[in-house]
Amino acid sequence: ARAGAARRAGVLGINVGANKDATDRVADYVAGVTAAAPVADYITINISSPNTPGLRDLQQGAALAELLAACMAARGATPLFLKVAPDLDAGMIDGIARAAIDARVDALVMGNTTVSRPPLNARDAGETGGLSGAPLRDLARTRLADMRRATGAAVPLIAVGGIDSGAEAYARIRAGASLVQVYTALVYEGPGLPRRIVQDLAALLARDGFASVAAAVGA
Ligand SMILES: Cc1cc2nc3c(=O)[nH]c(=O)nc-3n(C[C@H](O)[C@H](O)[C@H](O)COP(=O)(O)O)c2cc1C
């Protein structure tokens, strides 16, 4: 497995969703995971796109357990992450935590865009669809902390949603994230952003006496 990985630099993650018109969504995810596993360093199964009607229903109950079992069987030796929405109540958080632990997924990604609407001073505030970036930041940070409480340290957490600085990356790590991802902020800040985040994060870790990122996770 992952024959290609040895021949290139960097880390290749592949994000797998289901087609809008799939009649058997689990089979659709399994087909994606099976195709991605030989070439990816990790696979994320995304059950939290707000653009595929009914997709977020996979985030609970027997549907989630069935999906995770099928995808874990298909992933071979490639790490498998589960990406969920920030639009979850406490019961759903607990259910996802239990399902992820039971299925032994390698990490939980918190999270996708929100369909909620924090106060927005924008003409397009009433548009439907997923909201990303700065207005998502507080919700994403809160849901990450909720997921950390629900999982203990049993599953590594990956934080995403409104992260645009070393200070915010540090806050997520302290709240339980082992890794952070940036998306929207790259649009506004450009490709120099990761370097600035790493530099500022290193300074914050040193200020507070942490010898490594790992030492600060959930601290
Ligand atoms: C235009 C757009 C397309 C996206 N497509 C995907 C996708 O295909 N799969 C996925 O898991 N998340 C997708 N996302 C969600 C982002 O990966 C990320 O989780 C979310 O935007 C929150 O992070 P951010 O505030 O840094 O953008 C998309 C977001 C946007 C704005």
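Computed over heavy atoms, backbone and side chain alike; hydrogens, waters and symmetry mates excluded. Just so it is clear, the structure is predicted and the values come from calculations on it, not from any experiment. Atoms within each ligand, like the ligands themselves, are counted from 1 in listed order.
L108 and M92 fall within a single hydrophobic cluster, where Ile, Leu, Val, Met, Phe, Trp and Tyr are joined by side-chain heavy atoms under 4.5 Å apart, directly or via other members. Hydrophobic clustering (side-chain heavy atoms under 4.5 Å, transitive across Ile, Leu, Val, Met, Phe, Trp, Tyr) keeps I173 apart from L157.
Ligand 1 lies nowhere less than 4.0 angstrom from a heavy atom belonging to A140. By the 4.0 Å heavy-atom criterion, S49 is excluded from the residues contacting ligand 1.
Counting heavy atoms under 4.0 Å from ligand 1, residue T44 does not touch it at all.
At a threshold of 4.0 Å, the pair R25-D28 does not count as salt-bridged, since none of the basic side-chain nitrogens sits closer than that to a carboxylate oxygen. Remark: R56 engages D87 in a salt bridge, criterion side-chain N to carboxylate O under 4.0 Å.
Distance check on atom 6 (C) of ligand 1: every protein heavy atom falls at or beyond the 4.0 Å cut-off. Atom 21 (O) of ligand 1 lies below 4.0 Å from at least one non-hydrogen atom of the protein.
The ligand atoms of ligand 1 that sit less than 4.0 angstrom from a heavy atom of G162 are 24 (P), 25 (O), 26 (O). Against a heavy-atom cut-off of under 4.0 Å, S132 is close to the following atoms of ligand 1: 21 (O), 25 (O), 27 (O), 31 (C).
The closest protein non-hydrogen atom to atom 17 (O) of ligand 1 is K83 NZ, 2.9 Å. Nearest protein heavy-atom contact of atom 27 (O) of ligand 1 is T184 OG1, 2.5 Å. Of the protein's non-hydrogen atoms, the one nearest atom 30 (C) of ligand 1 is Y183 CE2, 3.5 Å. What sits closest to atom 11 (O) of ligand 1 on the protein, heavy atoms only, is N15 ND2, 2.8 Å.
Considering backbone and side-chain atoms alike, A185 places every N or O at 3.5 Å or more from each N or O of ligand 1. Looking at N46 next to ligand 1, an N or O pair under 3.5 Å apart turns up. Remark: ligand 1 and L136 share no N or O pair separated by less than 3.5 Å (distance only, no angle test).
No side-chain N or O of N46 forms a donor-acceptor pair with one of T44 less than 3.5 Å apart. A donor-acceptor contact closer than 3.5 angstrom links the side chains of Y170 and D208.
Annotation: the span from L136 atom CG to S116 atom OG amounts to 7.5 Å, rounded to 0.5 Å.
Considering I158, N112, L186, L131 only, the shortest heavy-atom separation from atom 14 (N) of ligand 1 involves N112.
When each of M147, Q59, R98 is checked for a side-chain contact (heavy atoms from CB on, under 4.5 Å) with I93, only M147 meets the rule.
Taking each heavy atom of M72 and L80 in turn, the nearest pair found is SD-CD2, 3.5 Å.
Within the 4.5 Å cutoff, side-chain heavy atoms of I158 are placed close to those of F81.
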